[in-house]
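Below: the structure, in structure tokens.
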Amino acid sequence: MQTHFKFLCMACTVLLCYSCGGNNPQTTSGYSEYEKPDTTNSVQEMKDYHYSAEVKVGQTRYTYDIVREVNDTLPLVAGDGGERYADNYIRLRVNREGKEIFNKAFTKNHFRNYMEKGFISHAILEGMAFDKVDGNNLRFAASVSYPASDIYIPLSITISPDGSYQITKDEVLDTVVATDSTETGE
């Protein structure tokens with residue numbers, strides 16, 4: 001009888017501890033409430049990324065690497081609500097048959113001829129991706145945008161087989177600031 005009483009007491013103690021544990025603020029559950037941290041003084045950053053792939057143009061094999069990283073040496077960009085955003089740089093490397101033909105780190109200033117002066121001071125270099133093969137050239141898409149919005153300037157970087165490049169503004173969309181320009185480089 002005493003054994004049953006001890007077992008009953010232990011079971012009640014375990015049940016009491018378990019039922020009270022739900023009110024403990026240290027308990028982990030699928031839902032929790034918390035005070036949203038003040039982010040107006042912190043700097044918002046995009047995630048770094050690295051993407052590599054291979055493209056064939058006829059019988060010629062190209063490989064490319066696109067690396068985006070936050071650049072803390074560039075000026076911060078201020079949002080409408082007082083948010084501060086770090087800008088990025090994007091390095092594009094292109095190899096043809098294993099030999100490097102193009103290697104450049106882009107910032108938004110490389111694209112300044114394609115946007116209004118007021119736009120660039122409130123925008124960041126957001127991204128770059130392979131677009132398509134254009135004749136014997138490789139075409140990459142890039143965008144400079146207002147942070148955390150859908151307002152951006154679409155750009156194209158065309159790399160020729162000799163490693164020269166040309167930047168052009170891509171098609172103009174509804175939310176894009178319209179300017180005209182073309183830049184070439186060696």
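None of these values were measured; they are calculated from a predicted model. Below, each value reflects all heavy atoms present in this structure, side chains not excepted, and no hydrogens, waters or symmetry copies.
Annotation: side chain to side chain contact (heavy atoms under 4.5 Å, CB included) contacts of S160 (sequence neighbours excluded): N137, D162, S164. Judged as a side chain to side chain donor-acceptor pair (under 3.5 Å), and not counting sequence neighbours, the contacts of R91 are N103. Among residues two or more places apart in sequence or in another chain, the salt bridge (Lys or Arg N to Asp or Glu O under 4.0 Å) test is passed with R112 by none. Remark: D131 engages R139 in a side chain to side chain donor-acceptor pair (under 3.5 Å) (not counting sequence neighbours). Legend: residues meeting side chain to side chain donor-acceptor pair (under 3.5 Å) with S143, ordered by chain and number and at least two apart, are absent. Evaluation of the salt bridge (Lys or Arg N to Asp or Glu O under 4.0 Å) rule for E97 yields no partner, not counting sequence neighbours.
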Audit row: V94, L138, side-chain contact (heavy atoms from CB on, under 4.5 Å) steps and yes/no: CA-CA 9 Å; V94 178; L138 301 180; 3.9 Å; yes

Worked check of side-chain contact (heavy atoms from CB on, under 4.5 Å) between V144 and F119: CA-CA 9 Å; V144 177; F119 185 88; 4.1 Å; yes

Criterion side-chain contact (heavy atoms from CB on, under 4.5 Å) on R84 and Q44, from CA distance to verdict: CA-CA 6 Å; R84 296 180 313 151; Q44 305 297 311; over 6 Å; no

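Rounding to the nearest 0.5 Å places CD1 of I151 at 11.5 Å from NE2 of H122. Atom CG of L76 is separated from atom CD of E83 by 12.5 Å, given to the nearest 0.5 angstrom. With rounding to the nearest 0.5 angstrom, the CG atom of N109 is 7.5 Å from the CG atom of L74. Taking CD of E126 as the reference point, atom CG of D87 lies at 11.0 Å (rounded to 0.5 Å). Separating the NZ atom in K108 from the CG atom in N88 is a distance of 10.0 Å, to the nearest 0.5 Å. A distance of 9.0 Å separates CD1 of I101 from NZ of K99, quoted to the nearest 0.5 Å.
Residues I157 and M128 share a closest heavy-atom pair of CD1-CE, 3.5 Å. Taking all atoms of both residues into account, the shortest heavy-atom contact from G127 to Y49 is CA-OH, 3.9 Å. When all heavy atoms of G118 and S121 are compared, the pair lying nearest together is O-OG, 3.1 Å. When all heavy atoms are compared, the tightest approach of P147 to A123 is CD-CA, 4.4 Å. In terms of heavy atoms, R96 sits closest to P161 at NH1-O, 2.8 Å.
I153 and I120 fall within the same hydrophobic cluster, defined by Ile, Leu, Val, Met, Phe, Trp and Tyr side-chain heavy atoms under 4.5 Å apart, directly or through other members. In the hydrophobic cluster analysis, where Ile, Leu, Val, Met, Phe, Trp and Tyr join through side-chain heavy atoms closer than 4.5 angstrom, L155 is grouped apart from I124.
For residues 61-80, every residue pair satisfying the ring-ring contact (aromatic ring centres under 6.0 Å, His included) rule, not counting sequence neighbours, is listed here: Y64-F130, Y64-F140. Within the structure, salt bridge (Lys or Arg N to Asp or Glu O under 4.0 Å) contacts touching residues 49-76 (residues at least two apart or in different chains) are E54-R61. The list of ring-ring contact (aromatic ring centres under 6.0 Å, His included) pairs with a residue in residues 70-96, not counting sequence neighbours, is empty. A salt bridge (Lys or Arg N to Asp or Glu O under 4.0 Å) check over residues 152-161, counting only residues at least two apart or in different chains, returns nothing.
Atom OH of Y51 has 12 or fewer neighbouring heavy atoms from other residues, nucleotides or ligands inside a 6.0 Å radius.
For the pair I159 and L92, the minimum side-chain heavy-atom distance is below 4.5 Å. Contact annotation: the side chain of V67 never approaches that of I90 to less than 4.5 Å [non-hydrogen atoms, C-beta and beyond]. A heavy-atom distance below 4.5 Å is not found between the side chains of M115 and K169. Counting heavy atoms from C-beta on, the side chains of Y165 and F102 come closer than 4.5 Å. You'll find the side chain of D48 reaches within 4.5 Å of the side chain of V70, heavy atoms only. Contact check for S156 versus I167: no side-chain heavy atoms found under the 4.5 Å cut-off.
Between Y114 and F111, the ring planes are tilted. Angles from 30° to 60° get that label.
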